[in-house]
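Whatever order the structure lists ligands and atoms in, that order sets their numbers, starting from 1. What you see is a predicted model, and the numbers here were worked out from it, not measured in a lab.
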Amino acid sequence: MIELQDHDALLIVDVQKDFLPGGALPVPEGDEVVPVLNRYIERFTRRGLPVFATRDWHPPNHCSFRDQGGPWPPHCVAGTKGAEFADGLRLPEDTVIVSKATGPEREAYSGFEGTDLAARLKDLGIRRLFVGGLATDYCVLNTVRDAIRHGFEVFLLTDAVRAVNVHPEDERKALEEMRRLGARFITLEALS
Ligand code: VGL
Ligand code: ZN
């Protein structure tokens, strides 16, 4: 069992409408993370621990879009419906929201890239990060990698992540890499 402690934070990665079924860049079963994340949110808020949420927040001409030569259909354009957080996600009022990949010229799959996320976490004295969201093989992987690089102890919420799987092995490879880097895997039942 893992007991929540002072200096823990929940980090929810890119749970936005465009990444859910029916969205512009749907992650298969992406909607299934929402009720599980709500239960993690309850645990953290009840314990007085902070919740952080990253969001993909692109300009309309972002370099990752196909019409700019990138790999993806246009998605999560800043201020549009598709960029909103999932309807059912019950983010607390005081959630720290971090927008990423906001400039046209640079892709950023990590919530730490070009943002003040590390500084915001360190300001609060956070040492352990519990990470869930979308997608396992892109923004979750890159965010976990950077979190470990920044010295945070990382717990991956394996019941609250889903993969795009452009290639069928992508999810397995991402999980293997995160484990190899030192992330610990947990589910809601393991949290006391
Ligand atoms: C993501 C593809 C493109 C993600 C963002 O949030 O994992 N994936 N942009
Ligand atoms: Zn994107």
Side-chain angles (χ1 to χ4, degrees), residues 10-34 36-37 40 51-89 91 95-118 129-149 154 156-178 181 183 185:
L10 178 61
L11 176 57
I12 297 175
V13 176
D14 297 10
V15 180
Q16 293 166 270
K17 290 182 177 145
D18 270 344
F19 293 131
L20 304 189
L25 177 45
V27 177
E29 305 174 348
D31 52 328
E32 292 180 7
V33 304
V34 174
V36 185
L37 285 169
Y40 281 107
V51 177
F52 285 70
T54 64
R55 62 184 181 185
D56 220 20
W57 200 246
H58 298 316
N61 59 340
H62 190 247
C63 59
S64 77
F65 297 170
R66 277 179 195 146
D67 52 3
Q68 312 292 320
W72 309 114
H75 62 276
C76 297
V77 172
T80 63
K81 191 94 184 156
E84 291 174 3
F85 291 114
D87 274 334
L89 187 66
L91 289 174
T95 299
V96 180
I97 295 172
V98 174
S99 304
K100 66 180 170 59
T102 58
E105 310 291 351
R106 248 186 86 190
E107 179 59 299
Y109 290 128
S110 160
F112 290 92
E113 227 178 304
T115 73
D116 60 357
L117 177 57
L129 269 182
F130 293 71
V131 183
L134 306 171
T136 312
D137 39 358
Y138 288 92
C139 289
V140 171
L141 169 64
N142 284 273
T143 300
V144 164
R145 201 191 271 137
D146 277 351
I148 292 168
R149 210 176 270 154
V154 173
L156 181 76
L157 312 177
T158 56
D159 49 354
V161 293
R162 291 293 185 282
V164 184
N165 280 323
V166 172
H167 309 287
E169 298 292 278
D170 287 353
E171 178 175 40
R172 183 185 57 76
K173 286 184 187 161
L175 292 170
E176 275 174 15
E177 180 177 349
M178 289 188 270
L181 292 172
F185 289 5

**Report entry** Side chain Thr95, main chain Ile97, donor-acceptor under 3.5 Å
**Finding:** no
Requested in this report: Give yes if a backbone or side-chain nitrogen or oxygen of Val140 is under 3.5 Å from a nitrogen or oxygen of ligand 1, and no if not.
Outcome: no
Query raised in the report: Nearest protein heavy atom to atom 4 (C) of ligand 1, by residue and atom, and its distance?
Result: Cys139 SG, 2.9 Å
Query - Gln16 near ligand 1 by a heavy-atom separation under 4.0 Å - result: no
Report task. Below 4.0 angstrom from a heavy atom of Trp72, which ligand 1 atoms are there? Numbered from 1 as shown, please. Result -> 2 (C), 3 (C)
**Report entry** ligand 1-proximal atoms of Leu134, by part, heavy-atom distance under 4.0 Å
**Finding:** backbone
**Report entry** Vertex the Zn ion (ligand 2), rays to NE2 in His58 and NE2 in His75 - rounded to 10°
**Finding:** 100°
Query raised in the report: What do the steps show when you test Leu181 against Val144 for side chain to side chain contact (heavy atoms under 4.5 Å, CB included), and what is the final call?
Result: CA-CA 9 Å; Leu181 292 172; Val144 164; 5.7 Å; no
Query raised in the report: Does any N, O or S atom of Cys76, backbone or side chain, fall under 2.8 Å from the Zn ion (ligand 2)?
Result: no
Report task. Measure from the side-chain N and O atoms of Asp18 to the backbone N and O of Leu25, and report whether any donor-acceptor pair falls under 3.5 Å. Result -> no
**Report entry** His58 N/O under 3.5 Å from ligand 1 N/O
**Finding:** no
Query raised in the report: What protein heavy atom sits nearest atom 8 (N) of ligand 1, and how far off is it?
Result: Tyr138 CB, 3.8 Å
Query raised in the report: Is there side-chain contact between His62 and Cys76, with heavy atoms separated by less than 4.5 Å?
Result: no
**Report entry** Shortest non-hydrogen separation from Ala83 to Gln16 and the atoms involved
**Finding:** O-NE2, 3.0 Å
Query raised in the report: For atom 9 (N) of ligand 1, which candidate among Asp18, Asp56, Thr54 provides the closest heavy atom?
Result: Asp56
Requested in this report: Specify whether an N/O/S atom of His62 falls short of 2.8 Å from the Zn ion (ligand 2).
Outcome: no
Query raised in the report: Polar-atom distance check: Asp14 versus ligand 1, any N or O pair below 3.5 Å?
Result: yes
Report task. Answer whether the closest heavy-atom distance between the side chains of Phe185 and Leu175 falls below 4.5 Å. Result -> yes
Report summary line: Scanning both residues in full, the closest heavy-atom pair of Ser64 with His58 reads OG-NE2, 4.2 Å
Query raised in the report: Within less than 2.8 Å of the Zn ion (ligand 2), any N, O or S from Asp56?
Result: yes
Query raised in the report: Looking at Ala108 and Asp56, what are the two nearest heavy atoms and their distance?
Result: O-OD1, 4.4 Å
Query raised in the report: Do the ring planes of Trp72 and Tyr109 sit parallel (below 30°), tilted (30 to 60°) or perpendicular (above 60°)?
Result: perpendicular
